[in-house]
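All chains are named by letter (A, B, ...) in the order of the sequence lines, taking the proteins before the strands, and each is independently numbered beginning at 1.
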Amino acid sequence: MTGHPSPSVISRYADGDLGLDEATVWTVEVHLEECADCRARLAGSAPEDVLTLLDRVSNGVDQGVTAGPAPVPERRRWSAARNRWLVWQLVPWLTMTGAVLACAVLLQAVQPSLPSLVLLLAPVAPLPGVAVAWSRGSDPAWELVASTPTAGLPLLLRRTAMVLLVVIPMLGLATDRTGVSLALALLPCLAFTTTTIALGAFIGVRLAALGLAAGWGLAVAVPAVFTADLPVVLQPGSLGVWAFIAVASAAFATTRADRFLRRR
Amino acid sequence: MRTVSAAETAPTTHPWVVHAEGLRVRAGRHLAVDGLDLALGTGVHGLLGPNGAGKTTLMRALATVVEPAGGKLTLLGESVDGRADLRRVRRGLGYLPQQFGFYPRFTVREFVEYMAWLKEMPKTLVPGAVQRAIERVGLADRAGSRMKTLSGGMLRRAGIAQAIVNDPAVLLLDEPTVGLDPEQRLDFRELLRDLGVDCCVLVSTHLVEDVVAACTDVVMMNEGRLVYQGTPDDLVTQGGEGDAGDSPAERGYSALLRRHRAEAGR
Ligand SMILES: [Zn+2]
């Protein structure tokens with residue numbers, strides 16, 4: 001800003017002098033917004049009755065602040081608060097998953113000759129949670145959520161991530177206890193999760209989770225328990241295939257994002 | 001002070017906020033909306049019709065919850081059928097379903113906040129918008145109460161608060177007056193008139209009186225089709241002494257319905 005308004009103009013402005021033309025008043029006001037010195041000069045040249053009025057107002061505000069209710073403290077972090085209902089819905093399912101994994105660890109200790117039960121369970125461990133996180137029956141506000149812009153693949157991924165956040169540490173603990181490779185538990189687990197989502201684009205996430213879990217159980221897990229051999233798909237040589245499936249199905253799911261806009 | 005973006009001041013290029021042509025929507029296997037033509041602009045539109053007329057199914061299609069089975073549907077100038085990207089349209093929607101579920105442990109404020117977040121409102125605007133919405137429906141003194149402790153009428157009002165929290169351009173209210181006592185109904189009518197100034201509000205109701213008192217426009221449906229669209233005053237003139245109903249508007253409603261059924265029966 002170049003050039004401050006003259007002290008006489010400022011005092012006339014403070015007095016509310018009607019002789020000042022509108023253009024001058026505007027220039028003064030625009031300048032006052034940016035110049036602290038002139039604001040101080042304005043305060044100094046304000047008439048007595050204005051100063052008493054200002055004092056009274058400021059006292060009143062101060063009294064209101066001290067007498068009124070204390071400000072509400074900043075609430076807990078948003079994400080925790082807004083996902084609380086989902087956490088409650090998921091608790092029974094995740095507890096069940098944890099219990100099943102714990103049983104597998106125990107059985108393994110009793111019967112070391114069995115093929116690794118933890119590895120056989122790992123691919124399907126997150127599926128019940130994912131199915132629950134995205135089913136109409138378990139989300140009471142389904143109808144409301146379905147009409148919002150967030151509904152769709154991003155929300156599904158967010159909820160899936162919540163499930164994995166609990167299941168992965170469980171798998172970590174279980175593999176550690178039974179002395180099998182964590183990678184052999186994690187990669188199939190991730191691949192099954194992303195495949196569930198990709199397949200969910202066509203038949204719905206719940207049905208996809210059910211179908212994949214049943215398929216894995218019948219085709220791989222149950223026969224492995226009977227033959228007492230760890231199937232070849234869970235040998236270290238298969239890691240590359242699992243990684244490929246995980247990446248490919250995740251990429252495929254993102255190209256079908258429109259299929260999740262209306263939940264089925 | 002809020003900066004107004006260019007998009008907000010740009011003139012709208014679509015003639016209608018809601019535009020349906022030959023719209024067909026399924027409810028289960030049944031075509032509940034069957035060849036509906038409808039054009040709605042700014043204002044409060046009352047949706048009337050007997051039970052099973054397809055009102056709720058129409059509401060769900062307009063809320064982008066169900067996909068139309070046929071015909072054309074545009075909201076805010078954007079097509080919402082098939083593979084359309086619904087995100088932009090949904091940001092401008094407010095929807096109160098006939099039966100809405102909620103998270104029982106949430107307080108009213110948390111519930112409306114959660115919905116504001118789902119509607120992708122800018123984070124800084126959320127607290128103010130939530131407070132305003134709760135005040136507008138008269139629930140300010142219950143903002144901290146848990147949803148499961150509310151009466152039916154209060155729940156309905158909490159539902160309306162979440163619907164209006166994002167200042168929607170299209171507001172869909174399915175039976176919003178159920179459970180409200182007479183005084184709350186009067187307050188609600190006032191809110192409707194207020195909202196209708198710059199928003200396209202579609203209210204489905206079975207109370208003809210609500211429509212006459214608070215709506216600028218009457219839309220009547222029967223068996224999935226549009227039967228009538230006109231002003232409340234015009235609805236009143238449709239009825240005669242011999243028609244069923246306790247008020248001129250109700251007589252107009254039953255006269256229109258009787259005529260439509262006679263035509264359909266021929
Ligand atoms: Zn200055």
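Contact check for B/F111 versus A/L144: side-chain heavy atoms found under the 4.5 Å cut-off.
Other residues, nucleotides and ligands contribute more than 12 heavy atoms inside 6.0 Å of the CG atom of A/D55. Annotation for B/Q99: atom CD does not count as buried by contact number, only 12 or fewer foreign heavy atoms lying within 6.0 Å. Applying the 6.0 Å contact sphere to CZ of A/R39 captures more than 12 heavy atoms from other residues, nucleotides or ligands.
The backbone N or O of A/A146 lies less than 3.5 Å from a partner atom in the side chain of B/R90, making a donor-acceptor pair.
Using a 4.5 Å cut-off between heavy atoms, B/V66 touches chain A through its backbone atoms (N, CA, C, O) alone. At a 4.5 Å heavy-atom cutoff, the contact between B/F102 and chain A is made by backbone atoms alone. For chain A, the nearby part of B/L93 is the side chain; its heavy atoms alone come within less than 4.5 Å.
Annotation: the span from B/L118 atom CG to A/S147 atom OG amounts to 9.0 Å, rounded to 0.5 Å. The structure places OG1 of A/T148 at 8.0 Å from NZ of B/K119, a figure rounded to the nearest 0.5 Å. Note that CZ of B/R60 and CD of A/E143 are 4.0 Å apart. Values are rounded to the nearest 0.5 Å.
When every heavy atom of B/W117 is checked against every heavy atom of A/T150, the shortest pair comes out as O-OG1, 3.9 Å. Closest non-hydrogen pair, A/V145 versus B/Y103, comes out as CG2-OH, 3.8 Å.
Identified by a heavy-atom distance below 4.5 Å to chain A, contributing residues of residues 24-36 of chain B are lacking entirely.
Applying the salt bridge (Lys or Arg N to Asp or Glu O under 4.0 Å) criterion to B/K148, with sequence neighbours excluded, gives no partner residue.
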